[in-house]
Amino acid sequence: MPVKRKTKHWYFPLDKYEGWLKEWIVEGKKDEWKPNVYGQCKSWIDSGLQPRAMTRDSNWGVPVPLPGAEGKVLYVWFDAPIGYISATKELTNQWADYWCQEDTKLVHFIGKDNIVFHCIIFPAMLKAHGGFVLPESVPANEFLNIEGEKVSTSRNWAVWVDEYLKDFPDQQDVLRYVLCANAPETKDNDFTWKDFQDRVNNELSAILGNFENRAFVLMHKLCKGRVPTLHADAMNDMDRTLIQEIQNAKVKVETCLENYKFRDGLYEVIDLARKGNKYLQENAPWSLAKTPELQLENQQRIDICLHLCLQLNANLAILLNPFLPFTANKMCKKMKVVERMLDWENAGRIDLLKTNYPLLAPELLFRKIEDTEVVAQMEKLKNNLVKSAAQKMENTTEPVKAEAAPAEAPAKKAEITYDDFAKIDLRVGTILKAEKVEKADKLLKLELDMGTEIRTVVSGIAMHFKPEDIVGKQVTVVANLAPRKMRGIESNGMILMAQNADGRLIFVSPLETADNGSEVKSVIG
RNA sequence: CGCGAGAUAGAGCAGCGGUAGCUCGUCGGGCUCAUAACCCGAAGGUCACAGGUUCGAUCCCUGUUCUCGCUACCA
């Protein structure tokens, strides 16, 4: 049964690009790339690059289109990045503008698990081919967990956007807000529904939404629903400071965006709204209009204040546009300006809204997230997790939802015959010895008493059990599995485990002690 | 095992040689146009741990622990 075979592979001579990579990354990107990205690239390059096999023996994948390459498929990190280019080509025949044009600034946004592929292997491929631009930066983020646990599509520990939109219609932007404000830019972060609620209610709507609303309400109450006159020559220091802040905000947000500090950039936008609130508070136009007489007397000051608040509001729309495009558009509609106002060049201007222009009635940009919604989402998350685990265990006939279980989910297996089942030689054995396999996190080497023989089985359970804790346990063994070498140790068979939804492993063993070597079989006639 | 990144108030982050700051939350007070914003004040941190360098360390050096990722194995 065990057959050792020679195989042939096609290699990419990564080693030949070591010098170039050293120059390009180690020297050239030292202070430019993020520490996590730079550090990993540097360590790879410093420790010496090897030619890397770009083909695999596998029955699925993209076949290698070369004579003599039957049965070979392309290594995923060879064909995936090429796929990015192909995908662009599918999308537009302007694809070369994105990938080949000299002055194109190409940026790869990825997660930390893919750093070396995007920074070393793919660029080396492009360099080897020639004619393609290299990434200017690869600002890899860390991971975002959900409620303290790693996202898992197969376990359905996830928030699906289509589901989200059913529960929170037209609220794309508040999710965008939370994801950006809480982005794992420097370390792993956690998405929790409570935090979602806090950030939406206390930051987005309380500060930004509230300012917008205050400006509109006051303008309608005190300025007849029209953009009041600025009276530029009557401005005071407060007014001039506010204008300065608007212009500063543009520069700050711009700088953050250029440096991929999206979290900080969003903060600056909110902070400008915060300054707007403060300005409004300090001027207190409502106090200046306590009585009609008083208002008449103060109308100029009121006009200046609200004029600037409204211009600030228009600026907020522009600054917000890269982060919350739907909201920016909504703001445009309320101000009755064309979408083109959102062009970045317009930021910092205080003549975005024309004097005497009538604006729409106040209407809230965001609504608060209720406690009940938070509870409901958390339950949903937990219930769906249980459901998907149950599906696996019971192997039900219920069709697996496409959204809930993408390709990697363990699908229901195809029907087999009794003969298929009977091919498997299942036997009971007892663990005599267990030890960690050197240089392997997950492997334990087990010696099993199979009654008539002692077997060595290598099993990937080291993360779950200490060797000393499992000695003496009876286990179910697939006894006729073809031997396989792992870390230099030949494994003869494998042991069966049940896995809980939480990932915990449980031995599958006889309820009472059985004879070692006894068969596990069906007993129907 | 090897390598990379991280560990700072309840949460999210900044600081990177002079005994800690910002946003949100919490508590108390003021104000009220508004989805309770804004102002004033308070509580809350042995800056993961242990050594070392220094007049002085969150910040530099060494070691350790923990988290995540990569490489290999995990049928």
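Computed from a prediction, not measured in an experiment: that's the story for all the values here. Numbers restart at 1 for each chain; the letters A, B, ... are given by sequence-line order, proteins then strands.
Residues that satisfy the side chain to side chain contact (heavy atoms under 4.5 Å, CB included) test with A:Glu203, not counting sequence neighbours, are A:Tyr177, A:Arg199. A:Asn259 pairs by the side chain to side chain donor-acceptor pair (under 3.5 Å) definition with nothing, not counting sequence neighbours. Every ring-ring contact (aromatic ring centres under 6.0 Å, His included) that A:Phe191 has, sequence neighbours left out, goes to A:Trp193. Among residues two or more places apart in sequence or in another chain, the side chain to side chain donor-acceptor pair (under 3.5 Å) test is passed with A:Arg263 by none. A:Arg176 pairs by the side chain to side chain donor-acceptor pair (under 3.5 Å) definition with A:Asp173, not counting sequence neighbours. For A:Trp33, the ring-ring contact (aromatic ring centres under 6.0 Å, His included) partners are A:Trp24, not counting sequence neighbours. Applying the side chain to side chain donor-acceptor pair (under 3.5 Å) rule to A:Tyr75 yields the partners A:Arg52; only residues at least two apart in sequence or on another chain are considered.
Here the C1' atom of nucleotide B:C70 and the CD1 atom of A:Ile121 are 11 Å apart, to the nearest Å. Across the protein-nucleic acid pair, A:Asn145 atom CG and B:G6 atom C1' stand 13 Å apart, rounded to whole Å. Taking atom CD of residue A:Glu142 and atom P of nucleotide B:G4, one finds them 15 Å apart after rounding to whole Å. In this structure, A:Lys112 atom NZ and B:U71 atom P are separated by 13 Å, rounded to whole Å. Look at OH on A:Tyr38: it is 11 Å from P on B:A5, rounded to the nearest Å. Rounded to an integer number of Å, the gap from A:Asn36 CG to B:A7 P is 12 Å.
Straight-line distance between the P atoms of B:A34 and B:G29: roughly 23 Å, to the nearest whole Å. Taking atom C1' in both B:C66 and B:G21, the straight-line distance is 26 Å, to the nearest Å. Here, B:C38 and B:C31 have their C1' atoms 8 Å apart, quoted to the whole Å. A gap of 36 Å separates the P atoms of B:U62 and B:C74, to the nearest Å. Nucleotides B:G44 and B:G10 have their C1' atoms positioned 9 Å apart, rounded to a whole Å. For B:G4 and B:G41, the C1' atoms lie 46 Å apart once the distance is rounded to whole Å. Separation of the C1' atoms belonging to B:G52 and B:G6 is 23 Å when rounded to the nearest angstrom. Nucleotides B:A5 and B:C47, compared at atom P, are 23 Å apart to the nearest Å.
Both the sub-6.0 Å distance and the 45° axial angle are not jointly satisfied by A:Lys34 relative to the ring of A:Tyr260.
Using a 4.0 Å heavy-atom cutoff across all strands shown, A:Phe196 reaches no nucleic acid atom at all.
Where A:Gln40 and A:Val116 meet RNA chain B, the nucleotide closest to each residue was compared, and A:Gln40 sits on the side nearer the 5' end.
A ring-centre distance under 6.0 Å is found for A:Phe12 and A:Tyr17.
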* Watson-Crick or G-U pairs under 3.5 Å in RNA chain B, rendered as dot-bracket with [ ] for crossing pairs and | for another strand -> .((((((..((((.......)))).(((((.......))))).....(((((.......))))))))))).....
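Under a 4.0 Å N-O distance rule, the pair A:Lys112/A:Glu142 qualifies as a salt bridge.
Partner A:Glu373 forms a salt bridge (Lys or Arg N to Asp or Glu O under 4.0 Å) with one of A:Lys194, A:Arg367, A:Lys368 and no other, that one being A:Arg367.
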Mind listing the side-chain donor-acceptor pairs of residues 113-124 of chain A below 3.5 Å, one per line with the distance, residues two or more places apart or on another chain?
from, atom 1, to, atom 2, distance (Å)
A:His118, ND1, A:His108, ND1, 3.0
A:His118, NE2, A:Tyr84, OH, 3.1

Is there any protein nitrogen or oxygen under 3.5 Å from a nitrogen or oxygen in nucleotides 59-64 of chain B, and what are the pairs?
none

* To do: Going 5' to 3' through nucleotides 8-17 of chain B, assign each nucleotide B (protein heavy atom under 4.0 Å from a base atom), S (under 4.0 Å only from sugar-phosphate atoms) or - (no protein heavy atom that close).
  => S---SSS---
* Asked: What is the per-nucleotide protein-contact pattern of nucleotides 32-39 of chain B, from the 5' end, where B denotes a base atom under 4.0 Å from a protein heavy atom, S denotes such proximity for sugar-phosphate atoms only, and - denotes neither?
  -> SBBB-BBS
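A:Asp303 and A:Gln299 are linked by a side-chain donor-acceptor pair at a separation below 3.5 angstrom, with hydrogens and angles left out of the test. In this structure, a donor-acceptor pair under 3.5 Å is absent between the side chains of A:Lys275 and A:Thr241.
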